[in-house]
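To keep things clear, I will list the structure first and then write my remarks on it.
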Amino acid sequence: MRLLFDQFMKKCEDGSWIHLPSYNYTLFQRSQDISAFIHAYLPTASKLINEEKLLQAKIFTRNFEDGLGFEYVMFYNDVEKRVVCVFEGGPYLQGMPGCLHGGAIATMIDATVGTSAMIAEGIVMTANLNINFKRPVPLCSVVLINSQLDKIEGRKLFISCNVQSVDEKTLYTEATSLFIKLDPEKQV
Ligand SMILES: CCCCCCCCCCCCCC(=O)SCCNC(=O)CCNC(=O)[C@H](O)C(C)(C)COP(=O)(O)OP(=O)(O)OC[C@H]1O[C@@H](n2cnc3c(N)ncnc32)[C@H](O)[C@@H]1OP(=O)(O)O
């Protein structure tokens with residue numbers, strides 16, 4: 001993980017790649033930002049949300065002690081419209097014995113393609129995520145999640161993604177996704 005991090009940080013030196021802030025990075029640093037977002041974009045859902053519990057909100061992937069859950073770092077290439085995530089799924093993310101849980105893989109795919117969509121168009125939500133699980137991901141192994149912004153049609157963003165071994169010899173997962181840029185005028 002460290003070796004890959006250093007390799008990508010070197011690629012950032014000429015500005016072609018950008019290291020995206022991730023640890024404790026949230027799109028909304030304060031609870032009032034979260035509340036404002038929900039009331040602006042998700043008025044229907046806002047009626048069902050417990051505002052008090054909202055104060056405890058955290059990004060799902062940042063809820064485990066270091067090394068036990070989602071360990072990841074993301075890098076962005078603006079020319080290629082790519083986000084690459086270096087990810088290690090910790091022991092608390094086990095599905096079948098010795099394998100990373102499919103939901104944990106889906107979470108990190110969603111976070112990676114979602115970051116790509118947010119960089120491109122701001123406030124978005126996942127409308128569709130199709131995942132083909134080709135091979136099991138060994139638990140606690142480091143993988144590369146490569147996402148590619150394929151096209152934007154109006155409010156629709158089409159982003160593809162694959163999950164590979166670090167030596168890029170094993171293709172674990174392939175995915176396509178559709179993100180929608182939220183329209184404050186629409187009652188979602
Ligand atoms: C900067 C970096 C920050 C990083 C921060 C860390 C976070 C990391 C990132 C974490 C990221 C986590 C992200 C998450 O996990 S988001 C959580 C999971 N997603 C949701 O909960 C979303 C639930 N769905 C909705 O709210 C609405 O359906 C949305 C908002 C998506 C669209 O409702 P809206 O009323 O606005 O739009 P529309 O219905 O008129 O549709 C518009 C167009 O889209 C087409 N369409 C719609 N759905 C589908 C579909 N399923 N397949 C194919 N097509 C579909 C539709 O036909 C139409 O096309 P057209 O007729 O115009 O041609």
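First listed ligand is number 1; within each ligand, the first listed atom is number 1. Given the structure is predicted, the values throughout are model-derived calculations rather than measurements.
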Where on L42 is there a heavy atom closer than 4.0 Å to ligand 1, on the side chain, on the backbone, on both, or on neither? neither
salt_bridge(R2, D6) N-O dist < 4.0 Å: yes
Decide whether an N or O pair under 3.5 Å exists between A127 and ligand 1. yes
Do R82 and F75 form a cation-pi contact, if we require the NZ or CZ to be under 6.0 Å from the six-membered ring centre and within 45 degrees of the ring's axis? no
Test your reading of the model: is there a side-chain donor-acceptor pair from Q148 to the backbone of E80, 3.5 Å cut-off? yes
Distance (rounded to the nearest 0.5 Å) between F87 CZ and L4 CG: 14.0 Å
Within less than 4.0 angstrom of ligand 1, does A111 place any heavy atom? yes
Is any N or O atom of D183, backbone or side chain, closer than 3.5 Å to an N or O atom of ligand 1? no
Do any nitrogen or oxygen atoms of T115 come within less than 3.5 Å of a nitrogen or oxygen of ligand 1? no
Just go through L178, T107, V124, T126 and tell me whose heavy atom is the nearest to atom 52 (N) of ligand 1. L178
Close-contact set for ligand 1 against L182 heavy atoms, below 4.0 Å: 30 (C)
Any N or O on K156 sitting closer than 3.5 Å to an N or O of ligand 1? yes
For M125, the ligand 1 atoms whose distance to one of its heavy atoms is below 4.0 Å: 16 (S), 17 (C), 20 (C), 21 (O)
Examine distances only and state if a side-chain atom of S147 and a backbone atom of I109 form a donor-acceptor pair shorter than 3.5 Å. no
Please report the shortest heavy-atom distance between K156 and I180, naming the atom on each side. CG-CD1, 3.7 Å
Distance check, rounded to the nearest 0.5 Å: H19 atom NE2 versus K11 atom NZ? 14.0 Å
Quick one: does ligand 1 sit under 4.0 Å from the side chain of I180, the backbone, both or neither, non-hydrogen atoms only? side chain
So if I count the atoms of ligand 1 from 1 in the order they appear, which ones are less than 4.0 Å from some heavy atom of I59? 6 (C)
Answer with side chain, backbone, both or neither: which part of R155 has a heavy atom less than 4.0 angstrom from an atom of ligand 1? side chain
Under the side-chain contact (heavy atoms from CB on, under 4.5 Å) criterion, do L93 and F70 qualify, and how do the steps go? CA-CA 8 Å; L93 302 182; F70 298 92; 3.8 Å; yes
